[in-house]
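Okay, so here's the structure we're looking at.
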Amino acid sequence: MYRHKGASNVHPYLLAAIIPQMSRRGKFITFEGLDGTGKSTQLRKLAAVLRAAGHKVVETREPGGTSTGERIRRVLLDSGTAGLSPLAEMALMFASRAQHIAEVIEPALEHGSIVLCDRFTDSTEAYQGSGRKLGTHAVLELHRVLCGDLQPDLTILLDSNPAMSVGRARRRNQRASRRGHRGHGDENRFEQETRAFFSRVRDGYLAIAKREHGRVAVVNASGTPDQTHRQIREVVSRKLKL
Ligand code: TYD
């Protein structure tokens, strides 16, 4: 009979002591979708109900999430950043992510927290892989090398019509830049992309959801924020028992 080498000599009492320690690792939940699908609002609502249920919750985002990452974010999203090559853009997304994993995500998971992250590597696969046509293979390979292949326990993909959600994001960011100080940049660089670009991004997301159907739950985000929130709570309690 096959016996696992490492486990064969472990006394059952010792195993009973180790297993609860191991299971204390937190959960990693990511939110994905086109610009303007309401990810940030939904993330905050979920964080509030999980905290009310007594969980430790860390809310974070990409690109960003650390002080280095937020500096990289400004370069990536500022519409004043001219001529950034698609490969340089992808490298910066991963630079921000590698730092974010080391400094925030892994320590929080080890500490038993639920980490809610606004965008992760699926964004790179959808935006740079499909939108910029760099391909899935390069993204997954970089993820393996630079992110230790860290996979979310659950990904909530907010799906809605690109014209509607991107229009909403454009209006929001233009309002924010009008309020901001001149010279501080804006977050409009991606929103200036074409309709064809966002339709490739959406197709990219739906292809990921099909391939990773165990991890990715597609949630229809075209209803009211409360309707979307109810769907998300149902998915989180069904898949993660939270
Ligand atoms: P975000 O702040 O989440 O924008 P929004 O709130 O409008 O959805 O993300 C900023 C932009 O960065 C968004 O247009 C998507 C883009 N992005 C990528 O292209 N690749 C990535 O890997 C990530 C994390 C974001």
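Every number for a ligand or one of its atoms is a count from 1 in the order of the listing.
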Test item: R73 side-chain N/O and P63 main-chain N/O as donor-acceptor pair under 3.5 Å: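 A pair under 3.5 Å: yes.
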Exceeds 12 heavy-atom contacts within 6.0 angstrom, atom CZ of R233: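 Counting other residues, nucleotides and ligands, CZ of R233 stays at 12 neighbours or fewer.
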More than 12 heavy atoms from other groups under 6.0 Å of NZ on K56: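 Counting other residues, nucleotides and ligands, NZ of K56 exceeds 12 neighbours.
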Which residue supplies the protein heavy atom nearest to [atom], what is that atom called, and how far is it?
atom: atom 21 (C) of ligand 1; value: M93 SD, 3.3 Å
atom: atom 3 (O) of ligand 1; value: R119 NE, 2.7 Å
atom: atom 14 (O) of ligand 1; value: D35 OD2, 2.4 Å

Quick one: do the [X] and [Y] side chains pair a donor with an acceptor below 3.5 Å?
X: S96; Y: R71; result: no
X: S123; Y: Y205; result: yes
X: N220; Y: S222; result: yes
X: S160; Y: T37; result: no
X: D122; Y: Y127; result: no
X: T66; Y: Q99; result: no

Counting from 1, what ligand 1 atoms have a heavy atom of [X] closer than 4.0 Å?
X: K39; result: 3 (O), 5 (P), 6 (O), 8 (O)
X: L77; result: 10 (C), 11 (C), 12 (O)
X: E191; result: 7 (O)
X: T124; result: 21 (C), 22 (O)
X: R97; result: 22 (O), 24 (C)
X: R73; result: 2 (O)

For ligand 1, is [X] a contact, meaning one of its heavy atoms is under 4.0 Å away?
X: R172; answer: yes
X: R189; answer: no
X: E89; answer: no

When you look for heavy atoms under 4.0 Å from ligand 1, do you find them on the side chain of [X], its backbone, both, or neither?
X: Q128; result: side chain
X: R170; result: neither
X: N173; result: neither

Closest to atom 23 (C) of ligand 1 (judged by heavy-atom distance), picking from G33, G131, S123: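 Considering heavy atoms of G33, G131, S123, the nearest to atom 23 (C) of ligand 1 sits in S123.
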D118 to S40 - nearest heavy-atom pair and separation: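 Result for this residue pair: OD2-OG, 3.1 Å.
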